Amino acid sequence: MLERMKGLPDSVLGFEAKGEVTGADYETVLIPAVDEMLARRKHLRFLYHLGANFVGFEAKAVWDDAKVGLQHAAAWERVAVVTDVEWVRTAVKAFALIIPGHVRVFHNRELTEARQWVSE
């Protein structure tokens with residue numbers, strides 16, 4: 001499940017992943033929010049927290065994540081991913097090589113720092 005994060009500046013779109021994230025979560029929550037933000041702004045600042053309650057991604061969610069990331073590759077101004085899941089951390093670092101924006105990976109204990117960095 002994806003839950004929109006509160007308390008972020010209007011320029012930042014943030015989500016917290018809880019339990020298993022599904023393709024339906026991307027299609028009904030994340031992708032519409034990204035599209036709505038891009039209708040108002042040229043660039044996105046994005047915070048994605050996969051904390052202690054996150055258990056994994058459904059295959060369709062992984063595909064949708066890659067698709068939305070690449071479809072809007074030039075729009076990602078700053079992306080902060082907060083997780084202790086090692087394969088996600090590695091995948092995000094690889095993704096960072098193909099987008100022109102700034103991408104940083106933080107550990108769960110660094111969520112406050114991630115919020116500050118993506119909001120700068």
Side-chain angles (χ1 to χ4, degrees):
M1 154 172 128
L2 289 175
E3 187 174 285
R4 187 111 178 231
M5 296 175 80
K6 295 181 170 112
L8 295 169
D10 289 341
S11 61
V12 178
L13 186 60
F15 290 94
E16 183 170 2
K18 296 181 178 181
E20 182 179 50
V21 178
T22 68
D25 293 325
Y26 270 78
E27 292 165 7
T28 62
V29 178
L30 191 140
I31 292 171
V34 167
D35 290 343
E36 186 274 328
M37 178 80 81
L38 285 175
R40 294 184 293 117
R41 308 177 63 83
K42 184 177 179 180
H43 295 101
L44 288 170
R45 290 176 175 241
F46 191 78
L47 175 61
Y48 203 7
H49 182 209
L50 291 76
N53 295 324
F54 170 73
V55 297
F57 290 105
E58 177 184 86
K60 176 89 168 82
V62 174
W63 171 250
D64 284 343
D65 185 78
K67 190 168 71 172
V68 75
L70 294 173
Q71 183 179 18
H72 302 295
W76 305 106
E77 183 176 24
R78 282 193 176 205
V79 176
V81 178
V82 182
T83 186
D84 290 336
V85 179
E86 200 55 44
W87 75 264
V88 173
R89 295 174 60 80
T90 301
V92 170
K93 290 173 186 175
F95 171 74
L97 299 174
I98 61 171
I99 67 165
H102 301 281
V103 179
R104 283 188 60 189
V105 181
F106 298 83
H107 287 281
N108 284 326
R109 67 181 179 276
E110 300 171 311
L111 178 58
T112 300
E113 181 183 341
R115 289 175 75 108
Q116 290 171 345
W117 178 80
V118 79
S119 300
E120 292 175 347

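Predicted model, so just to flag it, every value in this text is computed and none were measured.
We find the CD-CD1 distance between Gln71 and Ile31 to be 7.5 Å, quoted to the nearest 0.5 Å. Between atom CZ of residue Arg41 and atom CD of residue Glu77 there is a gap of 7.5 Å, rounded to the nearest 0.5 Å. Remark: Lys67 NZ to Glu27 CD distance equals 6.5 Å, nearest 0.5 Å. The line from CG of Leu47 to CG of Leu13 is 9.0 Å long, rounded to the nearest 0.5 Å.
The side-chain heavy atoms of Phe15 and Val29, taken from C-beta on, include a pair separated by under 4.5 Å. Between Asp64 and Val68 there is no side-chain heavy-atom pair separated by less than 4.5 Å. Between Leu30 and Asp25, the closest side-chain pair of non-hydrogen atoms is not below 4.5 Å. When side chains are defined from C-beta on, Asp65 does not count as touching Phe95, because their heavy atoms never get closer than 4.5 Å. In this structure, the side chains of Thr22 and Lys60 stay at 4.5 Å or more apart for every pair of heavy atoms.
Note on Val81 and Leu8: separate hydrophobic clusters, where clusters join Ile, Leu, Val, Met, Phe, Trp and Tyr whose side-chain heavy atoms are under 4.5 Å apart, directly or indirectly. Each of Val55 and Val62 belongs to its own hydrophobic cluster when Ile, Leu, Val, Met, Phe, Trp and Tyr are linked at side-chain heavy-atom distances under 4.5 angstrom. Follow the hydrophobic side-chain contacts under 4.5 Å out from Val85 and you never reach Leu111; the two are in separate clusters. Linking ILVMFWY side-chain heavy atoms closer than 4.5 Å, directly or via other members, places Phe57 and Val92 in a single hydrophobic cluster. Under a hydrophobic clustering in which Ile, Leu, Val, Met, Phe, Trp and Tyr are joined whenever their side-chain heavy atoms come within less than 4.5 Å, directly or via other members, Leu97 and Val105 fall into different clusters.
Residue pairs meeting the ring-ring contact (aromatic ring centres under 6.0 Å, His included) criterion with at least one member in residues 60-84, sequence neighbours excluded: Phe46-Trp76. Residue pairs that meet the side-chain hydrogen bond (donor to acceptor under 3.5 Å, both in side chains) test with at least one member in residues 7-19, sequence neighbours left out, are Glu3-Lys18.
For Leu44 against Met37, the heavy-atom pair with the smallest separation is CD2-CG, 2.9 Å. Closest non-hydrogen pair, Asn108 versus Ala52, comes out as ND2-N, 4.2 Å.
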- Item | salt bridge (charged side-chain N to carboxylate O under 4.0 Å, His left out) between Glu110 and Arg104, intermediate numbers included | CA-CA 11 Å; Glu110 300 171 311; Arg104 283 188 60 189; over 6 Å; no
- Message: Between Arg78 and Glu120, is the salt bridge (charged side-chain N to carboxylate O under 4.0 Å, His left out) condition met? List the steps.
- Response: CA-CA 9 Å; Arg78 282 193 176 205; Glu120 292 175 347; 3.3 Å; yes
- Take Tyr26 and Leu2 through the side chain to side chain contact (heavy atoms under 4.5 Å, CB included) test and state the conclusion after the steps. CA-CA 8 Å; Tyr26 270 78; Leu2 289 175; 4.3 Å; yes
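Here Phe106 pairs with nothing under the ring pair (Phe, Tyr, Trp, His ring centres under 6.0 Å) rule; sequence neighbours left out.
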